[in-house]
Amino acid sequence: MTTIASGTDTLTRDALAVLQPGFTGTSAPSWLLRRLGEGLASVGLFGRNIATPAQVAALTAQLRAERDDVLVAIDEEGGDVTRLEVRTGSSFPGNHALGAVDDTALTEAVAHELGRRLAACGVNLNWAPSADINSNVDNPVIGVRSFGADTSLVARHTAAYVSGLQSAGVAACTKHFPGHGDTAVDSHHAMPRIDAELAVLESRELVPFRAAIEAGTRAVMSAHILVPALDPVHPATLSRRILTGLLREELRYDGLIVTDGMEMQAISATYGIERGSVLAIAAGADAICVGGGLSDEPTVLRLRDALVAAVRSGDLPEERLADAAARVRALAAWTASTTRSASTPSSAGSAAGSGAGSDARTDVGLVAARRALKVTRGAHFAPVTEAPYVAALTPVANIAVGDETPWGVAAELRRLLPGTETGSFTGERAGAEALAAAGSRRVVAVVRDAHRHTWMAEALDILLAARPDTVVVEMGVPQSPPRGALHIATHGAARVCGLAAAEAIAGA
């Protein structure tokens with residue numbers, strides 16, 4: 001049973017309860033266990049905390065031995081953003097691939113299976129799905145994390161994802177409210193701004209969140225973005241008008257409101273994490289996510305003390321902090337009760353069964369990745385029958401995705417066509433260097449968001465001019481017209497997307 005240290009007063013317990021911190025290592029440090037005993041109610045897991053499913057299960061058991069109702073959260077979107085499979089690539093395609101298929105039963109089945117695997121490891125809160133509409137093709141941080149650019153498509157798949165995930169006993173955290181799709185700035189680095197009029201926001205950005213709320217999403221994550229039509233002064237995470245006025249009162253959402261990572265520059269560089277956390281709780285947030293970059297005990301103590309001091313100074317109403325802590329505990333109680341009754345939705349079998357020999361529980365990700373492929377044959381098409389040279393035109397990974405997770409098609413092609421070689425190229429000489437490295441071998445050029453990188457488009461020009469039989473694999477948003485003897489759009493860079501593309505290239 002949960003034991004709270006007798007020396008911890010109610011105010012301090014509530015301040016700890018609203019924090020969702022991270023830590024380093026693959027087992028729980030003593031300071032984290034101690035704070036769980038004092039009132040900390042949530043812990044966030046990141047790639048650095050994960051080695052194997054068995055290790056994660058042991059870690060979460062260690063946490064629950066100290067506090068049996070702890071919320072264990074993770075940023076596991078599938079697709080490009082994976083923590084559970086950070087070193088291998090995800091077994092599930094991400095949102096953009098699911099949106100490309102546009103089969104809500106499949107989306108629900110994928111989300112359920114992902115949730116089942118998380119629950120088996122002891123994780124009960126997933127900071128997913130992204131409900132952002134990909135309305136700005138230059139968006140550097142959303143991209144394939146979005147189901148697409150069509151409002152109704154994003155809404156129906158967001159709802160399906162929430163239903164699938166929560167049917168496995170894992171709480172969904174729909175993000176990034178009120179919508180991060182129409183930005184050209186990454187909030188990890190600076191403050192994005194959306195200048196859309198209120199009518200546009202109502203008919204576009206807010207629609208998927210309405211769908212998520214109707215589907216029963218247990219949590220919503222705020223965005224560190226400035227939306228002047230809603231609040232000309234405060235970013236959404238710190239805006240009472242947005243979190244309380246819009247989300248709580250107008251949209252009638254009654255679940256947990258979680259902030260995006262408070263150490264992200266959009267907040268930390270402008271307000272600081274202590275003041276930012278106080279303002280966020282005062283605005284209506286219930287849980288402070290921190291730990292992607294700051295993952296130590298002093299960070300937890302700084303935020304705890306800032307919240308306690310704000311209550312004592314009158315800057316933060318004590319009842320607001322108590323309400324936030326109560327919502328965290330209520331979600332923890334929901335996860336405990338729902339995990340016991342979670343069952344596979346009836347749609348899972350039919351959605352996954354379209355693949356030969358597929359199994360609804362283990363192969364649904366690969367089935368989805370195969371269905372998401374868009375294959376276009378060009379004038380110079382010829383089958384790839386011998387081991388090719390894979391030229392990965394590699395952009396800088398955004399922080400949400402990270403650079404730990406492998407991507408591409410080379411590893412999978414090597415299994416199908418032994419002898420396949422590969423190299424990574426970037427910058428203005430990428431095309432010439434790739435040609436030189438390939439020699440006489442058939443070239444498979446792998447790109448990611450070619451429309452956003454001038455150097456990448458120019459490298460493709462060089463490759464295709466010299467080698468018209470080049471195969472092009474686009475693993476980002478396929479915004480540019482198909483090019484090459486064979487063009488394959490995977491709609492994401494998950495491991496299963498690479499496998500599906502490799503099968504298409506090799507004719508498997």
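Quantities reported herein were computed from a predicted structural model and do not represent experimental measurements.
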* Salt-bridge test for Asp323 and Arg327: reply yes if a basic N is under 4.0 Å from a carboxylate O, no otherwise. => yes

* Could you tell me whether a side-chain N or O of Thr60 sits under 3.5 Å from a main-chain N or O of Ala57, the two making a donor and an acceptor? => yes

* Say whether Arg495 and Ser91, considering side chains only, have a donor N or O and an acceptor N or O under 3.5 Å apart. => yes

* Sub-3.5 Å donor-acceptor pair from the side chain of Arg64 to the main-chain atoms of Gly122, do we have one? -> yes

* Asked: Should Asp75 and Arg83 be marked as a salt bridge (Lys or Arg N to Asp or Glu O under 4.0 Å) after you check the CA-CA gap, both sets of side-chain angles, and the distance that decides it?
  -> CA-CA 7 Å; Asp75 192 7; Arg83 309 301 179 225; 3.4 Å; yes

* To do: Check Ala15 against Val308 and note the closest heavy-atom contact, atom names and distance.
  => CB-CG2, 3.8 Å

* Lys/Arg N to Asp/Glu carboxylate O, Arg204 vs Asp182, below 4.0 Å -> yes

* **Distance-only donor-acceptor check, side chains Thr82 and Glu76, under 3.5 Å** => yes

* To do: Mark yes or no: Arg448 above the aromatic ring of Trp407, with NZ or CZ under 6.0 Å from the six-membered ring centre and no more than 45 degrees from the axis.
  => yes

* **Verdict with supporting geometry, Gln166 and Trp334, side chain to side chain donor-acceptor pair (under 3.5 Å)** => CA-CA 10 Å; Gln166 293 187 165; Trp334 177 87; over 6 Å; no

* Does Met221 reach the side chain of Thr174, with side-chain heavy atoms less than 4.5 Å apart? -> no

* To do: For His491 and Met475, run side-chain contact (heavy atoms from CB on, under 4.5 Å): C-alpha distance rounded to whole Å, both residues' side-chain angles, the deciding distance at 0.1 Å, then the answer.
  => CA-CA 6 Å; His491 301 91; Met475 303 195 80; over 6 Å; no

* Heavy-atom pair with the smallest gap, counting every atom of Thr107 and Ala160 -> CG2-CB, 4.1 Å

* Asked: Does Asp449 reach the main-chain N or O of Arg452 with its side chain, forming a donor-acceptor pair under 3.5 Å?
  -> no

* Kindly say whether Leu153 contributes a backbone atom to a donor-acceptor pair with the side chain of Asp150 at under 3.5 angstrom? => yes

* Just jot down the side chain to side chain donor-acceptor pair (under 3.5 Å) partners of Asn134, sequence neighbours excluded, or say none. => none

* Under 3.5 Å donor-acceptor, Asp132 side chain and Ser146 backbone -> no

* Asked: Are any non-hydrogen side-chain atoms of Tyr161 and Thr217 less than 4.5 angstrom apart?
  -> no

* Determine, step by step, whether Val227 and Asp231 satisfy the side-chain contact (heavy atoms from CB on, under 4.5 Å) criterion, reporting the C-alpha distance in whole Å, the side-chain angles of both residues, the deciding distance to 0.1 Å, and the verdict. => CA-CA 6 Å; Val227 188; Asp231 188 330; over 6 Å; no

* To do: Working to the nearest 0.5 Å, report the span between CG of Leu303 and CG of Leu19.
  => 5.5 Å

* **Sub-4.5 Å side-chain heavy-atom contact between Leu40 and Leu32** => yes

* **Set of ring-ring contact (aromatic ring centres under 6.0 Å, His included) partners for Phe177, sequence neighbours left out** => Phe209

* Check whether any side-chain heavy atom of Val290 lies under 4.5 Å from a side-chain heavy atom of Gln20, and answer yes or no. => no

* Would you say the side-chain atoms of Asn124 pair up with the backbone N or O of Leu71, donor to acceptor, closer than 3.5 Å? -> no

* Roughly how far, to the nearest 0.5 Å, is the CD1 atom of Ile273 from the CE atom of Met264? -> 13.5 Å

* Asked: Donor-acceptor pair, Ser167 side chain versus Gly164 backbone, under 3.5 Å?
  -> yes

* Asked: Heavy-atom distance under 4.5 Å between the side chains of Leu118 and Asn126, does that happen here?
  -> yes

* Structure fact -> Scanning both residues in full, the closest heavy-atom pair of Ser163 with Ala215 reads OG-CB, 4.1 Å

* Atom NE2 in His224, atom OG1 in Thr183: separation rounded to 0.5 Å? -> 13.0 Å

* To do: Give a yes or no on whether the backbone of Ala109 and the side-chain of Glu113 come within a donor-acceptor separation of less than 3.5 Å.
  => no

* Applying side chain to side chain donor-acceptor pair (under 3.5 Å), which residue pairs with at least one partner in residues 288-309 are found, sequence neighbours left out? -> Arg34-Glu297, Arg35-Glu297, Glu274-Arg302, Asp296-Thr299

* Asked: Looking at Ala368 and Val110, what are the two nearest heavy atoms and their distance?
  -> CB-CG2, 4.0 Å

* Carboxylate-amine/guanidinium contact Glu202 Arg210, below 4.0 Å -> yes

* Asked: When you measure from the side chain of His451 to the backbone N and O of Val137, does any donor-acceptor pair fall under 3.5 Å?
  -> yes

* Asked: Do Asn95 and Glu77 have side-chain heavy atoms sitting under 4.5 Å apart?
  -> no

* To do: Begin from the C-alpha positions of Leu16 and Val300 and carry the test side-chain contact (heavy atoms from CB on, under 4.5 Å) through to its verdict.
  => CA-CA 8 Å; Leu16 282 169; Val300 172; 3.9 Å; yes

* Over all heavy atoms of both residues, which pair between Pro93 and Gly365 is shortest? Give the atoms and the distance, please. => CD-O, 3.2 Å

* Asked: Is it true that Arg252 and Asp254 have a side-chain N and a carboxylate O under 4.0 angstrom from each other?
  -> no

* Trp31/Phe23 under side-chain contact (heavy atoms from CB on, under 4.5 Å): CA gap, chis, key distance, verdict -> CA-CA 10 Å; Trp31 69 262; Phe23 61 96; 4.0 Å; yes

* To do: Would you indicate whether the side-chain heavy atoms of Phe92 and Arg117 approach each other to under 4.5 Å?
  => yes

* To do: Could you tell me the separation between the OG1 atom of Thr405 and the CD atom of Glu85, rounded to the nearest 0.5 Å?
  => 9.5 Å

* Count the heavy atoms of every other residue, nucleotide or ligand shown that sit under 6.0 Å from CZ of Arg241, and state whether that count exceeds 12. => yes

* Verify side chain to side chain donor-acceptor pair (under 3.5 Å) between Gln62 and Ser27, making sure each step is shown before the conclusion. => CA-CA 8 Å; Gln62 185 184 15; Ser27 61; 4.8 Å; no

* Asked: Considering all heavy atoms of both residues, which atom of Ala223 and which atom of Ala236 are nearest to each other, and what is their separation?
  -> O-CB, 3.2 Å

* Structure fact -> Here the gap from Ser130 atom OG to His96 atom NE2, rounded to the nearest 0.5 Å, amounts to 13.0 Å

* With no hydrogens and no angle check, do the side chains of Thr426 and Thr394 hold a donor and an acceptor under 3.5 Å apart? -> no

* Asked: Taking the side chain as C-beta and beyond, is there a heavy-atom pair between Pro228 and Asp195 under 4.5 Å?
  -> yes

* Between Gln55 and Thr26, is there a donor-acceptor pair closer than 3.5 Å when you use the side chain of the first and the backbone of the second? -> yes

* For the side-chain hydrogen bond (donor to acceptor under 3.5 Å, both in side chains) test, which of Asp260, Thr237, Thr259 pairs with Ser222? -> Thr237

* CZ on Arg218 to CG on Leu125, rounded to 0.5 Å -> 12.0 Å

* Between Asp286 and Arg320, does a salt bridge (Lys or Arg N to Asp or Glu O under 4.0 Å) hold up when you go through it step by step? -> CA-CA 9 Å; Asp286 305 306; Arg320 171 76 275 272; 2.9 Å; yes

